[in-house]
Amino acid sequence: MLVFVTGATGFVGSAVVQELIEAGHRVLGLARSDAGAKSLAAAGAEVHRGDLEDLESLRSGAAKSDGLVHTAFNHDFSRFEANCAMDRRAIETLGEVLAGSQRPLIVTSGTGIITPGRVATEDDLPPSNPSFPRVSEQTADAVAARGVRASVVRLPQVHDPEKQGLVSYAIAIARQKGVSAFVGDGLNRWPAVHRLDAAHLYRLALEKGDAGARYHAVAEEGVPVREIAEAIGRGLKVPVVSKSPEEAAEHFGFLGFFVGLDCPASSALTEERLGWRPTAQPGLLEDLEHARDFEA
């Protein structure tokens, strides 16, 4: 299968590219820079120049492919609403090309706000929240209704020693502020997965996924945020403190919205439906003990 991968040079996407190639697929990777194109070629992928704002490049890449994996997203949170709109247009454009073909399209979402306070499952629909601009799942549903074999992979905190999802932002804030903080008692939980396990799930969803399905790339259902803050404190050698909900916004900035969330998630249905099993990759806290961010 020739698979078009957006975000192919990114943290998750580059692992997906390697997973697909090792499984015998050909990869057409979207690259917006010469450096990205060089890294894709070195990984054994074919290069397709363009970016998420170049809708014609998305159309031509999709037209050449037998399936698509959409991992690209601009994580500049100062432009979050605009970046969410860009993501929606990209998914709509890819879906237009695939309509009626039964070629698979895997769209990326997150577990964070599905069911705050209880364990989210794959059968939980995304909440109807007009104030939250990211609508990747809702857009995937819309293109699925037009005959596209679209499914969704929901990501928790994706980690290795290089990056740890939102935790990497928390490390930067702790370095800047001189303290590593959590909110309240810090017992709220964030789910997590190693990026190699996440990449394996993308391949299984591409090969075996059902239209309209949602899959959870969750290896750890919920790591207490206080334990994450303590690991950051050890790594940076700074004090660990609690912040009230009222103090969180000022201390954490954009991260204040997320850092107090209790958002555990299960992957039991994903494991049952696709046969995915997270392997013995290090857990989030173990990777934090060796995080390269602490070396800066």
Side-chain angles (χ1 to χ4, degrees), residues 4-13 16 28-33 36 48-63 65 68-99 103-114 116 120 124-158 163 165-166 168-169 198 202 205 211-212 214-215 217 249 252-259 261 263:
F4 182 37
V5 179
T6 71
T9 61
F11 181 59
V12 174
V16 172
L28 182 66
L30 186 67
R32 67 177 184 269
S33 69
H48 184 78
R49 295 302 294 262
D51 58 48
L52 290 188
E53 294 184 285
D54 181 355
L55 299 185
E56 187 51 45
S57 73
L58 297 182
R59 290 189 186 96
S60 60
S65 68
L68 291 91
V69 176
H70 176 53
T71 67
F73 188 80
N74 186 334
H75 288 91
D76 178 359
F77 285 95
S78 69
R79 302 182 66 252
F80 187 55
E81 187 170 351
N83 293 336
C84 290
M86 187 193 312
D87 184 50
R88 174 182 53 78
R89 289 192 296 269
I91 297 168
E92 290 172 342
T93 299
L94 297 172
E96 289 169 5
V97 178
L98 299 184
R103 287 180 285 169
L105 167 63
I106 312 302
V107 170
T108 302
S109 182
T111 61
I113 64 167
I114 304 301
D124 288 313
L125 297 178
S128 177
N129 184 352
S131 66
F132 191 76
R134 189 165 187 185
V135 290
S136 50
E137 291 196 35
Q138 294 90 331
T139 310
D141 288 342
V143 300
R146 299 174 54 195
V148 178
R149 200 177 119 207
S151 58
V152 172
V153 169
R154 287 173 174 164
L155 296 178
Q157 305 310 307
V158 183
K163 292 183 180 179
L166 292 176
S168 291
Y169 295 98
Y202 275 98
R214 291 169 169 83
Y215 302 109
F252 290 104
F254 82 88
L255 193 62
F257 173 82
F258 300 101
V259 76
L261 283 179
C263 51

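Throughout, numbering of the chain's residues begins at 1 and tracks the sequence.
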request  = Let me see the working for Arg89 and Glu92 under salt bridge (Lys or Arg N to Asp or Glu O under 4.0 Å), right down to the final yes or no.
outcome  = CA-CA 5 Å; Arg89 289 192 296 269; Glu92 290 172 342; over 6 Å; no
ask   = Would you find a donor on one side and an acceptor on the other, under 3.5 Å apart, between the side chain of Thr108 and the backbone of His70?
value = yes
inquiry  = On a heavy-atom basis, which atom in Leu125 and which in Ile114 lie closest, and how many Å separate them?
reply    = O-CG2, 4.0 Å
inquiry  = Once rounded to the nearest 0.5 Å, what's the spacing between atom CD of Gln157 and atom SG of Cys263?
reply    = 7.0 Å
task = Would you give the length of the straight line joining atom CD of Gln138 to atom CZ of Arg88, rounded to the nearest 0.5 angstrom?
result = 11.5 Å
Candidate pair Val107 and Thr139, rule side chain to side chain contact (heavy atoms under 4.5 Å, CB included), full reasoning = CA-CA 9 Å; Val107 170; Thr139 310; over 6 Å; no
key: Side chain proximity check, Ser136 to Val152, heavy atoms < 4.5 angstrom   = no
Residues which pass salt bridge (charged side-chain N to carboxylate O under 4.0 Å, His left out) with Asp124, listed by chain and number, not counting sequence neighbours = Arg118
query = Where is the tightest heavy-atom contact between Gly7 and Ala72, given as atom of each residue plus distance?
reply = N-CB, 3.4 Å
inquiry  = Rounded at 0.5 Å granularity, tell me how far CG in Leu58 sits from OG1 in Thr93.
reply    = 6.0 Å
task = Find the distance between CG (Leu166) and CZ (Phe257) and round it off to the nearest 0.5 Å.
result = 11.0 Å
request  = To the nearest 0.5 angstrom, please state how far the OG1 atom of Thr6 sits from the NE2 atom of His48.
outcome  = 11.0 Å
ask   = What is the minimum heavy-atom distance between Val148 and Gly95, and which atoms define it?
value = CG2-O, 3.5 Å
inquiry  = Using the rule given for side chain to side chain contact (heavy atoms under 4.5 Å, CB included), can you reason through Val97 versus Arg103, listing the C-alpha separation, both sets of side-chain angles and the distance that settles it, and then say yes or no?
reply    = CA-CA 10 Å; Val97 178; Arg103 287 180 285 169; 4.1 Å; yes
ask   = Between Phe73 and Arg134, is there a cation-pi geometry (under 6.0 Å to ring centre, at most 45° from the normal)?
value = yes
ask   = Of the non-hydrogen atoms in Glu137 and Ser109, which two are nearest, and what is the gap between them?
value = OE2-OG, 2.9 Å
note = Leu98 and Leu68 have their tightest heavy-atom pair at CD1-CD1, 3.2 Å
ask   = Where do His75 and Tyr169 land on the side chain to side chain contact (heavy atoms under 4.5 Å, CB included) test, with the steps shown first?
value = CA-CA 11 Å; His75 288 91; Tyr169 295 98; 3.7 Å; yes
task = Using the test side-chain contact (heavy atoms from CB on, under 4.5 Å), find all partners of Ala142 that sit at least two apart in sequence or belong to another chain.
result = none
message = Pair Asp76, Asn83 - check side chain to side chain contact (heavy atoms under 4.5 Å, CB included), show working.
response = CA-CA 8 Å; Asp76 178 359; Asn83 293 336; 3.9 Å; yes
Minimum heavy-atom distance between Ala31 and Gly36, given as atom pair plus value = CB-C, 4.0 Å
inquiry  = To the nearest 0.5 Å, what is the distance between CD1 on Ile106 and OG1 on Thr71?
reply    = 11.5 Å
